Amino acid sequence: MRVAIVRFPGSNCDQDAFHAVRKLGHESEYVWHAESIPAGFDAVILPGGFSFGDYLRCGAVARFSPAMESVQQMAREGTPVLGICNGFQVLCECGLLPGALVRNVGLRFVCRDVLLRVETTDAVASSGARVGQVLRIPVAHGEGCYVPAEGEAPRVVFRYCNAAGETTPESNPNGSHDNIAGISNREGNVVGMMPHPERAVSELLGYQDGRVVLKSFLTARHAARR
């Protein structure tokens with residue numbers, strides 16, 4: 001699979017995503033935010049970071065980048081799209097995913113490992129997992145509290161949990177509604193998640209549960225190809 005890694009001014013996890021994709025045996029290439037995404041890519045990753053410094057609101061400016069027009073078209077065609085942390089915020093801002101990410105409860109930046117429970121395998125980032133599987137993956141964000149859109153139930157892919165797979169207040173690092181850590185669109189080809197699977201793919205880092213997420217994403221079948 002050939003994966004486009006979209007770089008915004010302020011992206012700081014683009015290299016992690018780039019190398020994680022290659023480590024798992026697939027092609028990755030950077031695409032600058034001011035450019036359209038060329039034909040020939042099979043999937044898109046919007047990496048974490050601080051797009052445009054997040055000075056207005058996380059992802060609020062990045063959504064207007066020319067590359068996002070390509071992302072929206074590709075998403076409509078069924079291409080797998082994964083937004084990680086800031087990328088999740090961008091996907092919500094542009095309307096590809098419902099709801100919004102707001103400041104963490106307690107207004108503190110959170111940087112630590114969390115546990116996630118897989119809620120469905122009907123999404124490109126979880127198709128290779130099993131429902132109820134618990135994954136250990138790091139988070140690093142100040143605005144990761146997910147708030148659902150009014151009148152619209154989100155399609156939940158991952159929830160924060162404890163080691164027993166229970167969704168408790170203590171296991172929720174940011175106060176996210178209903179312990180939600182990741183969601184998908186109705187079709188399942190667009191997924192946004194606050195934890196960073198690209199930081200958990202190497203034995204050198206002590207754990208590799210991010211491989212479950214990225215392998216699912218990198219082997220996802222999509223409805224159309226550009």
Side-chain angles (χ1 to χ4, degrees), residues 1-52 59 62-63 65-91 94 96-97 123-129 135 137-140 157-158 182 184-185 188-205 207-226:
M1 182 176 280
R2 185 174 176 227
V3 183
I5 312 291
V6 180
R7 302 177 106 175
F8 300 97
S11 295
N12 62 18
C13 298
D14 44 347
Q15 293 186 40
D16 303 79
F18 181 94
H19 290 293
V21 169
R22 295 206 167 196
K23 187 174 182 63
L24 295 176
H26 296 265
E27 297 180 41
S28 55
E29 297 180 32
Y30 295 124
V31 175
W32 184 234
H33 78 104
E35 302 171 352
S36 298
I37 299 177
F41 285 101
D42 303 299
V44 179
I45 292 179
L46 304 183
F50 302 89
S51 57
F52 294 91
R63 61 164 293 194
S65 290
M68 288 307 300
E69 295 180 12
S70 300
V71 172
Q72 293 185 70
Q73 178 185 342
M74 295 169 75
R76 287 193 295 269
E77 294 171 346
T79 300
V81 177
L82 176 62
I84 302 169
C85 197
N86 189 220
F88 184 11
Q89 296 158 343
V90 175
L91 290 174
C94 75
L96 283 176
L97 292 176
V124 291
S126 62
S127 58
L135 307 174
I137 293 178
V139 294
V157 180
F158 304 110
S184 77
N185 63 348
N189 67 303
V190 179
V191 172
M193 61 188 297
M194 289 311 297
H196 288 266
E198 79 282 10
R199 296 184 184 179
V201 297
S202 172
E203 294 180 1
L204 291 174
L205 299 176
Y207 48 108
Q208 304 184 66
D209 284 358
R211 285 174 173 260
V212 175
V213 175
L214 292 177
K215 278 188 172 180
S216 296
F217 178 71
L218 294 169
T219 56
R221 297 181 61 186
H222 52 287
R225 181 170 179 161
R226 301 178 83 206

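On a predicted model such as this, the values are computed, not experimentally measured, just so you know.
Nearest heavy atoms, A140 versus C85: O-SG, 3.6 Å. Of all heavy-atom pairs between H196 and C13, the closest is CE1-SG, 3.7 Å. V201 approaches G210 most closely through the heavy-atom pair CG1-C, 4.0 Å. Between A62 and S51, the shortest heavy-atom contact is CB-OG, 3.6 Å. Shortest non-hydrogen contact noted between T79 and A43 is CG2-CA, 3.8 Å. Pairing each heavy atom of V31 with each of S36, the nearest pair is CG1-O, 4.1 Å.
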(request) Kindly determine whether N185 and L97 satisfy side chain to side chain contact (heavy atoms under 4.5 Å, CB included), including the steps that lead there. (result) CA-CA 6 Å; N185 63 348; L97 292 176; 4.1 Å; yes
(message) Run Q89 and M194 through side chain to side chain contact (heavy atoms under 4.5 Å, CB included) and show every step you take.
(response) CA-CA 9 Å; Q89 296 158 343; M194 289 311 297; 4.0 Å; yes
(request) Just do the side chain to side chain contact (heavy atoms under 4.5 Å, CB included) check on V81 and V71 with the steps written out, would you? (result) CA-CA 8 Å; V81 177; V71 172; 4.1 Å; yes
(message) Walk me through whether L214 and K23 qualify under side chain to side chain contact (heavy atoms under 4.5 Å, CB included).
(response) CA-CA 11 Å; L214 292 177; K23 187 174 182 63; over 6 Å; no
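One distance of note links CD1 of I5 with NE2 of H19; it measures 10.5 Å at 0.5 Å rounding. Considering CG of L96 and CZ of R76, their distance stands at 8.0 Å, rounded to 0.5 Å. Atom CD of E27 is separated from atom CZ of R22 by 7.0 Å, given to the nearest 0.5 angstrom. Y207 OH to I137 CD1: the interatomic distance, rounded to the nearest 0.5 Å, is 8.5 Å. To the nearest 0.5 angstrom, S65 atom OG is 11.0 Å from E35 atom CD.
Side-chain contact between P195 and F158 is absent, with no heavy-atom pair separated by less than 4.5 Å. In this structure the side chain of I37 reaches within 4.5 angstrom of the side chain of M74, judged on heavy atoms. Between Q15 and R7, some side-chain heavy-atom pair lies under the 4.5 Å cut-off. Two residues are said to be in side-chain contact when any heavy atoms from C-beta on lie closer than 4.5 Å; L82 and V124 fail this criterion. By the 4.5 Å heavy-atom criterion applied to side chains, N86 and F50 are not counted as neighbours. Counting only heavy atoms from C-beta outward, the side chains of F18 and E198 never approach each other to under 4.5 Å.
The only option from L135, D209, I84 that meets the side chain to side chain contact (heavy atoms under 4.5 Å, CB included) definition with P197 turns out to be I84. When each of I45, V212, L24 is checked for a side chain to side chain contact (heavy atoms under 4.5 Å, CB included) with F217, only I45 meets the rule.
A distance-only check finds a donor-acceptor pair linking the side chain of S202 to the backbone of L204 [under 3.5 Å]. Between the D42 side chain and the M1 main chain, no donor and acceptor come within less than 3.5 Å of each other. R63 places no side-chain N or O within donor-acceptor distance of the main-chain N or O of V90, the cut-off being under 3.5 Å.
Under 3.5 Å, the side chains of E69 and Q73 contain no donor-acceptor pair of N or O atoms.
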